[in-house]
Amino acid sequence: MEYNPSDIEKKWRQWWQDNHTYQVSNDSSKPKFYILDMFPYPSGAGLHVGHPLGYIASDILARYKRLRGFNVLHPMGYDSFGLPAEQYAIQTGIHPAVSTEQNLDRYREQLDNIGFSFDWSREVRTSDASYYKWTQWIFQQLFQHYYDKEVDKALPIADLVARFAKEGNNRVKAVCDEDTPEFSAEQWNALSEKEQQMLLLKYRLTFPEESYVNWCPAMGTVLSNDEVKDGVWERGGYPVERKLMKQWSMRITAYADRLLEGLDEIDWSDSIKEQQRNWIGRSQGASVRFGIDGHADKNIEVFTTRVDTIFGATFMVLAPEHELVDLLTTDAQRQEVEGYVKWAASRSDIERMSETKKVSGAFTGAFAINPLNEARIPIYIADYVLAGYGTGAVMAVPSGDQRDWSFATHFKLPIIPILDAQQNIAEAADPTKEGHYINSGLINGMRYEQATLSLTRWLEERRLGKGKIQYKLRNAVFSRQRYWGEPVPVYWKDETPYLVAEKDLPVELPVVDKYLPTETGEPPLGRAENWRYTPPGESASYEYELSTMPGWAGSSWYFYRYMDPHNEHAFCSKESMHYWKSVDVYCGGSEHAVGHLLYSRFWNHFLFDIGLAVEKEYAKKLINQGMIQGRSNFVFRAKEQFFEEYLWIKVLQPFFATEGPLKVAEANHTEGYTYDFAFETNDLVIEVTSWKQYDKIERVRQTAESDGKRLLVLFNEELGGCINSLEQTVGKIKAALNSREGFFITDEPPVCEQLFVSYDLTGKYSPECFTKLHVDVNVVDGDVLDLNRALALPMFDKASFKLPPDGKFSCSWEVEKMSKSKYNVVNPDDMVSQYGADCFRMYEMFLGPIEVGKPWDTKGITGVSSFLRRFWGMFFNASGQLDLSNEAPTKDELRALHTCIKKVTEDIERYSMNTCVSHFMILGNELKGQKLQKRVVLEPAVIMMAPFAPHTAEELWHQLGNAGSVCDAAWPELNEAYLKTDTINYPVQINGKLRGNVEVAAGTSNADVEAMVMVQDFVHKNLDGQTVKKFIVVPGRIVNIVV
RNA sequence: GCCCGGGUGGUGGAAUGGUAGACACGAGGGACUUAAAAUCCCUUGGCCAUAACGGCCGUGCAGGUUCGAGUCCUGUUCCGGGCACCA
């Protein structure tokens, strides 16, 4: 029977659907297993072959776990709010919901094509009101809670209000804004409703605050750092400035320590954990207040992790945005400082951090007073200090910090050594903590630990500073000035935010006329007409919050919705939550390391605190799939210069070198007017040009006439048209040479307008001869352009091709991101229709380990394809009948099968899918050559193949006479006894170099092995009389003789 | 710049500190065929050598630890990812 993947796959996909094979119940006696793929954003470009990599791996794992007897939850859904749909809406006016819906359909179709075991009845979409109702609900819970440091968890804000009324806030230990004032119960109770609400915002886990953003006034919107280059919007070129803006924020800093500790209990890659640790950036140090000369009422607070270096502080640097800059700047310095502030405002954080070699800054004219030694040190502003980090001010210690050192050197500021162990500080900073302090007042002679302790105590006693733990982590900005996101369920009354009543959720996205900001610079929701909220029991209506939530809102809790996707009364029922608990294996890209993966952990800790999640960490195990990159192909289009070089190198030079006696001058080498080519012994000149340049041709003709030269015009197009037949051009020149006529030009219109040169031929010409162009990889096979298919593309309209002798037009290639604009996108649908979904799935796995990124290259897929055919062929005889033997297997067959069982089982468990495919191939290679295969060997193989090639396995499973789905078969049991061999082959090394092999019976003692090895000829030969110092036998492994 | 990850044949890759290159692709040779495709068989890291046996080198680069290093340590270089409003 012919292996016909498209028929088989269609048939079984339908059967699975009809039989609800992948529907998962929350009610099962089996142990649960929850395997989740990261939420995809359904982009308009559809899936490319890189996307399914993780889904295939997780699908294999899900199917495997099911075969091992688990009740497996393996859902899929969409993070369907997002910027691209909104951009598209701005351009076209099409509502993002409409274009998103289309994209989703396309995604679904493509996913279905690959045969995933997703339970689609549980699909969720963040942009569905029934979903974002619960995103809004969770937001409200955050608003209604604060973080209590005493019990180390979130508590209701109502508790806090009760405490304030009873005892004020000075005994409350809660995470709050830095500028929260102390107040007593009397003071609290005397406050107005509005004043109380304002104070509570300083405690709430989500709250509006001012934060810096990249504001683009021309577009009335905020941009991400990566959209800003050199102070302008990368695409539109409009100027961008850093601006303080009122935005909703999430008090993630409250959870900094718990997010850090939680990392120890989850099995995620070290790299991701390290990135998260870094992002949180916990550092222990001290905050120190510096006085300001002439401003007795003000001071500058700095945070330092090296308070021990304080005597080496020779200047202070503020971020250009620092609130005191304006006040401190002296009139003499004002112009310079303001200019610098303006310039710095145009730079993104990334630019500011990365260009550390270029020192820039400005002196404010003011001086700070070092509290330790009363030293008067100048205050600068510089953009290497970021406003959002710490206090936006640093004490600069040039002898110990390289950036400070560079700054000091540039501005000729003093560099004072502070430790006797510092070396070469004239050359560079030395951040050592070794040695004894010098030039350091009260800590002179001390070592690091003691100095730090003494200084911290000294500062605390005088209330000038204190030991402090600082986090790099900032509260997460939660507002977006966009349309296509969840509305924030808040209304504003008397400039105070209040929650929309729970019964009025969801706050649905209103209709707007355009997806742009309003004329007054408000977010798009400001365009909605009559969009106001009337709270229950009130008659007045109020304005809704106009910003929307960011992409990470909906994706921070979606894993719970899959457990109970249609619940209208809760985001997830208690029963479902207690059955599924958390994600067992989470699969997705490492690019989400700190965005999604940190924020979702934060929300989960919060949900855990308020009793809605049952595990502190929602994902126990994380697998990072690598990015599949594109492999772009390029073709080379000839420019005018090519034709001149071609004529010289290929036509004139070789021809006249042999044919003489005429000599030809190389292009542009003639005297006077620069004809392209002129002959020394003939009055003919040659002009190479495009036939479109009538003016030029006419000019050259007139010049030639007055010079008494005869002119041959060769069009680029004409040369291109006969590029592969040299003789034609040679003949034309020959004829012109021998003729008496004065002007030669073809009067046939050219059929060819552009010439492409095969990549292997381009080396002979200068690089300026060509324009390198992306060519669609789908018309290229093995870097050889398929000319028939290529000619159908618009880019090859009226093109001809310069071919090498073998007639294969070659392209160059590069690895780039897979993207439409680079014409290197490979659609999984094409792979599936050509090779079948099973082959595609196996090939994606076969490419290499899932974690490693690599360029997509189709050329190896034939190996997998022929393996599947061979495997299929083992079941059937020549006339297509199932034909298997029922005989008992041989020892060799059993060993091959059980080796495969062992390897595949181990490798799936460690997510090494590529080697699994190899093991199937090895089993296939071992069994092939036999006329008749044995059922007892092949049936377990079918089950093992089922996770990888589900359609093929399902067909074979039924062919073998089984009625149910192969998905519900039992994974084959390994019997170690079949793996044992009678003899062991010991490689023998002498001083670590392999010299031969010795075969001994299994179970031979080390002493006997030694005896057997020492009588071998090759051992004697290589020992060459040297004495054996040591004889090492690693049982079952290797022998090493040390001489 | 900072943080993280990675460099193994022509290519994708394999290898609990124990025979480097499994399994494939590609390439070369052969069988079948009128021919092509498909299929099957053999060879295939480099260099040297041969009638044959064989020898030397080799996991980005430079050191180190070890009986033994692709694997562990130190330094270095190149490439990829992240850096807070792309998702």
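What you are looking at is a predicted structure, and each value in this text was computed from that prediction instead of being measured. Sequence lines set the chain letters: A, B, ... in the order given, protein chains first and strands last, and positions in each chain run from 1.
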Looking only at B:A87, B:C23, B:C85, the nucleotide nearest the A:Pro84 side chain is B:A87
To the nearest angstrom, the NZ-C1' distance between A:Lys472 and B:C83 comes to 8 Å
Using a 3.5 Å cut-off and no angle test, enumerate the donor-acceptor pairs between side-chain atoms of residues 38-48 of chain A and protein atoms at least two apart in sequence or in another chain.
{"unit_1": "A:Tyr41", "atom_1": "OH", "unit_2": "A:Ala85", "atom_2": "N", "d": "3.1"}
{"unit_1": "A:Ser43", "atom_1": "OG", "unit_2": "A:Ala45", "atom_2": "N", "d": "3.4"}
{"unit_1": "A:His48", "atom_1": "ND1", "unit_2": "A:Gly50", "atom_2": "N", "d": "2.9"}

The salt bridge (Lys or Arg N to Asp or Glu O under 4.0 Å) partners of A:Glu851 (sequence neighbours excluded) come to none
Aromatic ring proximity A:Trp268/A:Tyr586, centre distance under 6.0 Å: no
Would you measure the distance from the C1' atom in B:A27 across to the matching atom in B:G45 and give it in whole Å?
14 Å
- Task: Please check if any side-chain donor atom of A:Trp248 sits under 3.5 Å from a side-chain acceptor atom of A:Glu209, or the reverse.
- Result: no
* When only distance counts, do a donor and an acceptor, one from the side chain of A:Gln275 and one from the base of B:C2, lie under 3.5 Å apart? -> no
In whole angstroms, the gap separating P of B:G82 from CD1 of A:Ile272 amounts to 11 Å
Among B:C3, B:C85, B:C25, the one nearest any side-chain atom of A:Val222 is B:C85
Under the rule of Watson-Crick or G-U wobble with both distances under 3.5 Å, where | means paired to another strand and [ ] a crossing pair, RNA chain B maps to (((((((..(((.....[....)))((((((.......))))))((((.....))))..(((((..]....))))))))))))....
When rounded to whole Å, the CD to C1' distance for the pair A:Gln276 and B:C83 reads 14 Å
Review point. Is the shortest side-chain N/O distance from A:Asn624 to OP1 or OP2 of B:G81 below 4.0 Å?
Key: no
Rounded to whole Å, the CD-P distance (A:Gln625 to B:G81) equals 15 Å
By the 4.0 Å heavy-atom rule, please label A:Glu906 as base, sugar-phosphate, or nothing. nothing
From CZ of A:Arg277 across to C1' of B:C83 the rounded distance in Å is 18 Å
Set out, line by line, the N/O atom pairs under 3.5 Å between protein and nucleotides 73-75 of chain B.
none

Per the glycosidic torsion and the 90° limit around 0, nucleotide B:G9 is syn
B:C57 OP1/OP2 closer than 4.0 Å to side-chain N/O of A:Lys993: yes
Practice problem: Remember a base hit wins even if backbone is also touched, and classify A:Lys1029 as base, sugar-phosphate or nothing at under 4.0 Å, heavy atoms. | Solution: nothing
So what does A:Arg995 touch, heavy atoms closer than 4.0 Å: a base, only the sugar-phosphate, or nothing? sugar-phosphate
Would you call the rings of A:Trp484 and A:Phe81 parallel, tilted or perpendicular, taking 30° and 60° as the class edges? perpendicular
Donor-acceptor contact present, side-chain A:Thr206 to main-chain A:Ser249, <3.5 Å | yes
With B for base contact, S for sugar-phosphate-only contact and - for none (protein heavy atoms under 4.0 Å), nucleotides 12-20 of chain B reads BSSSB-BB-
Next item on the list: Using a heavy-atom cut-off of under 4.0 Å over every strand shown, decide if A:Leu473 touches base, sugar-phosphate, or nothing.
Entry: base
Can you tabulate the close N/O pairs, meaning under 3.5 Å, that link protein atoms to atoms of nucleotides 38-40 of chain B?
{"unit_1": "B:C40", "atom_1": "OP1", "unit_2": "A:Arg870", "atom_2": "NH1", "d": "3.4"}

So what does A:Gln481 hit on the nucleic acid, given a heavy-atom distance under 4.0 Å: a base, only sugar-phosphate, or nothing? base
| query | Which part of the nucleic acid, if any, lies within reach of A:Trp279 when heavy atoms closer than 4.0 Å are counted: base, sugar-phosphate only, or nothing? | reply | base
Which of A:Trp603, A:Phe602, A:Tyr471 passes ring pair (Phe, Tyr, Trp, His ring centres under 6.0 Å) with A:Tyr255? Answer is A:Phe602
